[in-house]
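Following: one structure in structure tokens, then a few remarks.
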Amino acid sequence: MSTERYNPRDTEPRWQQAWTDARAFEARHDPARPKYYVLEMFPYPSGRIHMGHVRNYTMGDVLARFRRAVGYNVLHPMGWDAFGMPAENAAIERGVHPKSWTYDNIAAMRDQLKSLGLALDWSREIATCDPSYYRHEQEMFIDFMKAGLVERKVSMVNWDPVDQTVLANEQVIDGRGWRSGALVEKRELAQWFLKISDYSEELLKALDGLTNWPEKVRLMQANWIGRSEGMRFSFVLEDETGKVRDEKLTVYTTRHDTIFGASFCALSADHPLVRELEGSIVGLAEFRREVAALGTSEESIERAEKKGFPLKLYARHPFRPDVKLPVYAANFVLMGYGEGAIFGCPAHDQRDLDFARKYQLPVIPVVAPKGTDPAQFTVGNEAFLEKEGDQTVLINSDFLDGMGVPEAKQTIAKRMEALGIGERKVNYRLRDWGVSRQRYWGCPIPVIHCITCGVVPVRKQDLPVTLPEDVTFDRPGNPLMHHPSWKDTTCPTCGGKAKRETDTFDTFIDSSWYFARFCSPKAAVPVDREEAKYWMAVDQYIGGVEHAILHLLYSRFYARAMTLTGHLDLKEPFASLFTQGMVVHETYKTEAGDWVLPADVVREGDAFVHAKTGEKILTGGIEKMSKSKKNVVDPEAIIDRYGADTARWFVLSDTPPERDIEWTETGVEGAWRFTQRVWRIVADVQQKGAVKGTVVPNAVAGEALELRRAAHLAIQAVTEDLYGLRFNRGIARVYELANALTSALQKNDPSDGMRFALREAGEAFVTLLAPMMPHLAEECWRVLGHETLMVDRPWPKADPALTTSDEVTIAVQVNGKRRDEIRLPKGLPQAKVEQAVLALDNVKRALDGKPVRKVVVVPDRIANVVSG
RNA sequence: GCGCCGGUAGCCCAACGGUAGGAGGCGACUGCCUUAGAAGCAGUUCAGUGCGGGUUCGAAUCCUGCUCGGCGCACCA
């Protein structure tokens, strides 16, 4: 073969430039054409892309290119989730300004993404830290305020006293601030909330409509929303002397059927009644502090220990005048759920049982398996919880005795409602979304605090409220708060002196609507309704499953909030969701236990040694690529060495996209060899095939026909695989076609039929691999004599005449075991098939004289002879 | 504890009620090519589908019990 090797270093930048010059991927609103909006979760600009990005963006890119080829008007944009803490950390640690740090990173990562050859519309690029983006976020927040979707309330936060900032739960490690190491305190702060809980039911119900979302994600969201049906009801409280208190105690329960098994009540340490009593009961304040201290993320050991503090109050049992339930403050009752108060039924709740055993409270079983003698049924140290399908019955429960659980629930609910002491209540676990962050590098919350007027939104004409650039990070706390003048302003209502809000938004807000902004990234309004009407919803959203709950739930909420305030007109922003797996790699360690980069490891026979020091290297588990374990492979190094197409091909090969893929050097080399093989095949096709544009000769038969069939079968299969996001299978089909081409080329058959088939199959081959290896495909297209861009070539259509056949091979089984196969005309009547099958020698032999009981015939597939 | 996903050749995987000479790739081995290597070419190797029951004419595929691995949720009353 006379060809030179394919050199991606030369071709890839050239074709990237050609696409840019042709403005090939700039999306234009065109109501006449069907649109396809493909989006990958936009990256945080950390400064360098990692393999996870390569995988994620390659998948989206294949879809964008494929959908474009089949005729869709494709929108495939890219942007930057550019606010957030790492920029501030860099400022603190290295003295760089968050803004320049961020924009430098964006520039670097943009170059890296471009080197992957992604079919992105860069003219729509947005960065969330840009005032031209966040001004709209501020505007919408003001609209949300007016629509009643915003609330300011005091809430408990994790406060780091050293850094003087609020920490998210995941930033609290063993009760200490993740950076300062200081003991984290629970503090009450006035915070801004978005009332996502108004949409609990709606967000839950609408999950059913998201049929193109992974079941797993829908389930996780449903659990997160956490709907439960129960009752809210009140107890009359009395003190030790029997004196009745004015206010009643309201509790929430889903097990009102077990009311006769109640033996105590428990309140959250933060319950208003507990706070009220704090001053009057010795030790209670200390108990509350204790609970607050281990509140955050103490693990299972602490969790197991149920503790309570008696409040010297008693709740009257609503149906048993003689029963008075002691009331406790307890560490296992959460203020944020239900009423922050419960009644304990130890026999049928493990937590209550643990508590009851610790404080020697009665344990009265009230539900037992059907047929059990109530007098004999007892509960030990394991609460009796009925499992699905159990036959159970109420015992020791007065007028409920003998009922099943659902009936008992009904009866109690009716009884309590009639007595006016309670009502049925649906509860949700989902809380309102706290969006205040005491940080600099985020979108300023556009409100003003005025002594006379209170909290006032900034006037829209005064937007955006921009971040000041002259800030310092030399002392703890929020730089906006320390800024000498930024927060000083005047009240939009009274004109008097006022202060700006110094909190900024949670960055999840930025990412809750960026997909809508991409429809009209330069519009003067947040979203141009006409553009959004055409482009939204996102047809295919791709990202990591780690965003299954927060980002995706917030975005679903935002779409509704934006629709309510007239900024959008749809509820579900993502029609289809795909969650791709991680990129994993083997880990390496020195004998001393230091992690070693894969790039520094060389193989020597069966052993591994350090490339630089020669030390012995031990191999460890295959784990998610992470900086801390150093099992990372730098995409830039791979692209430098093999080119983007090889990297793209590798991350799509073999492993199904939803599963974790193991990065291996041998696998990459295999992908690299394949690029070279494609190159040779195409050169050979150009030499041995017909010239471009040749029409189908009259007679194509034999091997030429087989090659045509292979090509059309490949077209059909790859098309289906790409529609279904089965990239690994599509790639296998391309390999198959490569094999078919290779063997056909070896025949050196100069017939017109074969020459035509080579041309046809060769062009199909290049077109089919183009979404995966776009640069190589362009170069091959040139070799095949074309002047046009591959990206403009329509997707080929399989000829049904070539993908089907008049004859089929039918497998022949005797008693379920394969004994022979037979070629028969397609669609042959069952009786004829039976006849043909029974005549086979192999069948007769297998039957061995036994009578035939019946013959099962699956048309055109299989025949099974069943003997007596 | 609850839930979800997955166990198919040495490895990654396909088939998802109908022929496991496995679609494909990686690896290994043999031969050809080469001064040699790399690359390339031709070919070979290897499992009966984690284990036990069941349904069926027929099960990797459906049901069921177990087992191993991964992930998510977890004091939500």
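In what follows, chains are A, B, ... by sequence order, proteins preceding strands, each numbered from 1.
OP1 and OP2 of B:rG18 both lie 4.0 Å or more from every side-chain N or O belonging to A:Q813. Contact between the side-chain N/O atoms of A:N864 and the OP1/OP2 oxygens of B:rU56 is not found at any separation under 4.0 Å. An OP1 or OP2 oxygen of B:rC76 is reached within less than 4.0 angstrom by no side-chain nitrogen or oxygen of A:Y252. Dashed line: the shortest gap from a side-chain N or O of A:R680 to OP1 or OP2 of B:rC41 is under 4.0 Å. Listed pair A:R677 / B:rC41 meets the phosphate criterion, a side-chain N or O lying under 4.0 Å from OP1 or OP2. Phosphate contact (OP1/OP2 of B:rA77, side-chain N/O of A:R232, threshold under 4.0 Å): absent. Close to B:rG58, at under 4.0 Å from its OP1 or OP2, lies no side-chain N or O of A:R853. For the OP1/OP2 pair of B:rA14 and a distance below 4.0 Å, the side-chain nitrogens and oxygens of A:N728 include at least one atom meeting the criterion. For the pair A:R673 and B:rA38, the criterion of a side-chain N or O lying under 4.0 Å from OP1 or OP2 is not met.
When each of A:R659 and A:V865 is assigned the nucleotide of RNA chain B bearing its nearest heavy atom, the one mapping closer to the 5' terminus is A:R659. Taking for each of A:A811 and A:M335 the nucleotide of RNA chain B with the nearest heavy atom, the 5'-most of the two is the partner of A:A811.
Between the side chains of A:S228 and A:N427, no donor-acceptor pair is found at a separation under 3.5 Å. Defined by atom type and a distance below 3.5 Å, a donor-acceptor pair is missing between the side-chain atoms of A:N331 and A:K306. Between the side chains of A:R677 and A:T742, at least one donor-acceptor pair of N or O atoms lies under 3.5 Å.
In this structure, A:R227 reaches neither bases nor backbone, as no heavy-atom distance under 4.0 Å exists between it and the strands shown. Counting non-hydrogen atoms under 4.0 angstrom, A:S653 reaches nothing in the nucleic acid. Among the heavy atoms of the strands, none lies under 4.0 Å from A:N427. Nucleic acid contact for A:V333: base, since at least one base atom lies under 4.0 Å from a heavy atom of the residue. Backbone-only contact: A:L219 has heavy atoms under 4.0 Å from sugar-phosphate atoms and none from a base.
Look at B:rG48: its glycosidic torsion is within 90° of 0, and that puts it in the syn range. Base orientation at B:rG21 is syn, since its O4'-C1' glycosidic dihedral falls within 90° of 0.
Between A:R861 atom CZ and B:rU19 atom C1' the separation is 10 Å, expressed in whole Å. Rounded to a whole Å, the CZ atom of A:F727 is 24 Å from the P atom of B:rA23. Counting to the nearest Å, the P atom of B:rG40 and the CG atom of A:L745 are 16 Å from each other. Between A:I681 atom CD1 and B:rG40 atom P the separation is 11 Å, expressed in whole Å. When rounded to the nearest whole Å, the span between CD of A:E658 and P of B:rC71 equals 17 Å. Taking atom CD1 on A:I731 and atom P on B:rG24, their separation rounds to 15 Å, with Å as the unit. Put simply, CG on A:D660 is 13 Å from C1' on B:rC12, counting in whole angstrom units. In this entry the distance linking CG of A:D654 with P of B:rC26 reads 8 Å, nearest Å.
Comparing the C1' positions of B:rA74 and B:rG27 gives a spacing of 43 Å, expressed to the nearest Å. Taking the C1' atoms as reference points, B:rA42 lies 48 Å from B:rG53, given to the whole Å. With P as the reference atom, B:rA39 and B:rU30 are 15 Å apart, rounded to whole Å. The separation of B:rC62 from B:rC5, taken at their P atoms, amounts to 11 Å, rounded to a whole angstrom. Taking the C1' atom of each, B:rG18 and B:rC13 are spaced 22 Å apart, rounded to whole Å. Taking atom P in both B:rC29 and B:rU67, one finds a spacing of 40 Å when rounded to whole Å. Only the C1' atoms considered, B:rA9 is 13 Å distant from B:rA14, to the nearest whole Å. Going from the P atom of B:rG70 to that of B:rC12 covers 14 Å, rounded to whole Å.
A:R227 has a carboxylate O that lies under 4.0 Å from a charged side-chain N of A:E229, or vice versa, which qualifies the two as a salt bridge.
Listed candidates were B:rA77, B:rG24, B:rC41. Nearest to the side chain of A:Q746 is B:rC41. Residue A:T742 places its side chain closer to B:rA42 than to any other of B:rA23, B:rA42, B:rC76. The A:R351 side chain lies nearest to B:rC76 when the options are B:rG72, B:rC76, B:rC13. Side-chain atoms of A:R429 lie closest to B:rC76 of the nucleotides B:rC57, B:rA77, B:rC76.
With a 3.5 Å ceiling on both atom-pair distances, the Watson-Crick or G-U wobble partner of B:rG40 is B:rC32. Pair assignment for B:rC4: B:rG70, on the basis of Watson-Crick or G-U wobble contacts that are both within less than 3.5 Å. Across every strand in view, B:rG52 sits in a pair with B:rU64 that passes the Watson-Crick or G-U test at under 3.5 angstrom. The partner of B:rG58, taking Watson-Crick or G-U wobble pairs whose two distances both stay under 3.5 Å, does not exist in any strand shown.
By the neighbour-count criterion of 12 heavy atoms within 6.0 Å, atom CD of A:E586 is densely surrounded, having more than that number from other residues, nucleotides or ligands.
Close placement of the A:F650 and A:W663 rings is indicated, their centers lying within 6.0 Å of each other.
Taking the six-membered ring for Trp and thresholds of 30 and 60 degrees, A:F674 and A:Y735 have ring planes inclined between 30 and 60 degrees apart.
Shown are A:F355, A:F309, A:F343; of these, the ring-ring contact (aromatic ring centres under 6.0 Å, His included) with A:Y328 is made only by A:F355. Screening A:R351, A:R357, A:Q350 for a side-chain hydrogen bond (donor to acceptor under 3.5 Å, both in side chains) involving A:D354 leaves a single residue, A:Q350.
Counting atom types as modelled, A:K306 pairs a side-chain N or O with a base atom of B:rC75 as donor and acceptor under 3.5 Å.
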